[in-house]
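Written out below as structure tokens is the structure these notes cover.
FYI, side chains are in, hydrogens and waters are out, and symmetry mates aren't considered; it's all heavy atoms of this structure.
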Amino acid sequence: MGLLDILLGRTKPVVADLDRLFALPSAAVTLEAAAGFTPTGQGAVCFATVEGAAFEQSHREVQALLDADTDRDGPPVELRQDDYGYSWLVSRRAPDQLSALVNDLHAVNSQMEVNGFGPQLLCSLSGFEVPSGRRLALVYLYKRGTFYPFAPLPDGTQRRDNALELQVRSALSGDLRIEQDLSRWFPVWGAPGL
């Protein structure tokens, strides 16, 4: 960063550190102890949809890579599009296989990055729930290299449980790099994997 950048207030964008995803299993232990949430075994990577043969080829490579895992039970990796036009690559594992799910999320992000589609990556999420059915997602912002909790209210409205999100932020501040700018805690309504 040069002197002109400093004078004009420009900053370099934060480089995504995908290895931070590997902190999720230890954060899950803390989350269960602090708030009773356990992994659902579902996770997803969100990216801006791109048209073209190169992107389709990249998507097929990622899906084939994850589906080739011989330890995978249940449904294969699935590509879904949400109501806002974003694409989600959804992975499902057994709830006790959070490490394998994190490997899936890391592999998707890495493969998209290697194939030149890093700028299209938006976020990754891992789902958690309590026995009563309340759900929560830990969302990794690709372009910021940070996490934040997203807790929709269980009443079906598009409202969030802000108190729970702040409780989770406090509980996980020692385990994950939490996004400090609350305006970047974007809602991911209807996100697959949540």
Side-chain angles (χ1 to χ4, degrees), residues 11-24 27-28 39-67 76-93 98 100-128 135-152 158-162 165 168-169 172 175-194:
T11 59
K12 288 185 178 182
V14 176
V15 177
D17 182 0
L18 293 176
D19 288 346
R20 289 188 178 145
L21 288 169
F22 293 119
L24 277 172
T40 62
Q42 296 184 51
V45 175
C46 180
F47 48 92
T49 304
V50 177
E51 300 296 327
F55 188 76
E56 280 301 314
Q57 177 63 28
S58 179
H59 162 253
R60 282 194 299 278
E61 287 174 7
V62 168
Q63 203 160 8
L65 172 72
L66 297 181
D67 287 341
V77 175
E78 172 188 8
L79 179 67
R80 293 184 42 195
Q81 197 161 20
D82 66 18
D83 295 338
Y84 303 100
Y86 295 106
S87 296
W88 294 83
L89 202 57
V90 183
S91 179
R92 291 177 181 83
R93 295 285 188 155
L98 182 58
L101 178 67
V102 167
N103 287 339
D104 290 350
L105 299 177
H106 190 276
V108 170
N109 282 289
S110 297
Q111 190 67 34
M112 301 254 321
E113 214 175 47
V114 165
N115 288 338
F117 296 106
Q120 280 71 36
L121 289 167
L122 301 173
C123 68
S124 297
L125 67 83
S126 181
F128 294 83
R135 292 199 170 247
L136 166 82
L138 291 179
V139 181
Y140 176 74
L141 290 172
Y142 177 80
K143 291 176 174 58
R144 303 276 297 176
T146 56
F147 290 87
Y148 69 91
F150 174 68
Q158 286 194 347
R159 295 183 309 143
R160 300 165 76 161
D161 187 341
N162 298 110
E165 290 177 354
V168 169
R169 173 183 73 173
L172 297 181
D175 293 289
L176 299 174
R177 183 168 179 236
I178 301 293
E179 176 59 52
Q180 296 302 309
D181 183 355
L182 298 183
S183 69
R184 294 195 181 270
W185 289 23
F186 304 111
V188 285
W189 305 118
L194 176 61

Between CZ on residue Phe47 and CG on residue Leu89, distance to nearest 0.5 Å:
5.5 Å
What are the two closest heavy atoms between Ile178 and Arg169, and how far apart are they?
CG2-CG, 3.6 Å
Would you compute the distance between atom CD of Gln42 and atom CZ of Phe128 and round it to the nearest 0.5 angstrom?
12.0 Å
Minimum heavy-atom distance between His106 and Phe22, given as atom pair plus value
CD2-CE1, 3.4 Å
Separation between CD of Glu179 and CZ of Phe147, rounded to the nearest 0.5 Å:
12.0 Å
What are the two closest heavy atoms between Leu194 and Pro152, and how far apart are they?
CD2-CG, 3.9 Å
With a 4.5 Å heavy-atom cut-off, do Tyr142 and Val45 have their side chains touching?
no
What residue among Arg80, Glu78, Arg92 forms side-chain contact (heavy atoms from CB on, under 4.5 Å) with Pro192?
Arg80
Result block: side-chain N/O donor-acceptor pairs under 3.5 angstrom for residues 120-127, not counting sequence neighbours:
from: Ser124; atom 1: OG; to: Asn109; atom 2: ND2; distance (Å): 2.9

Residue list, ring-ring contact (aromatic ring centres under 6.0 Å, His included) with Phe150, at least two apart or on another chain
Trp189
For Tyr86 and Cys46, the nearest pair of non-hydrogen atoms, with its separation, is CB-SG, 3.7 Å
Roughly how far, to the nearest 0.5 Å, is the CG atom of Leu182 from the CD atom of Gln180?
8.0 Å
Among all residues two or more places apart in sequence or in another chain, which pass the side chain to side chain donor-acceptor pair (under 3.5 Å) test with Asn103?
none
Is Tyr148 reaching over with its side chain to a backbone N or O of Phe186, donor-acceptor style, under 3.5 angstrom?
yes
For Leu98 versus Pro39, what's the shortest heavy-atom pair and its separation?
CD2-CG, 4.0 Å
Do Val168 and Leu138 come close enough that some side-chain heavy atom pair is under 4.5 Å?
yes
Would a 4.5 Å heavy-atom cut-off, applied to side chains only, mark Leu18 and Glu113 as touching?
yes
Taking every heavy atom of Leu136 against every heavy atom of Pro149, the minimum-distance pair comes out as CD1-CB, 4.0 Å
Is the side chain of Asn115 donor-acceptor paired with the backbone N or O of Phe117 at a distance under 3.5 Å, no angle test?
no
Do Leu24 and Leu101 come within less than 4.5 Å of each other through their side chains, counting heavy atoms only?
no
Other residues, nucleotides, ligands: >12 heavy atoms within 6.0 Å of Asp181 CG:
yes
I need the Arg135 CZ to Thr40 OG1 distance, nearest 0.5 Å.
5.5 Å
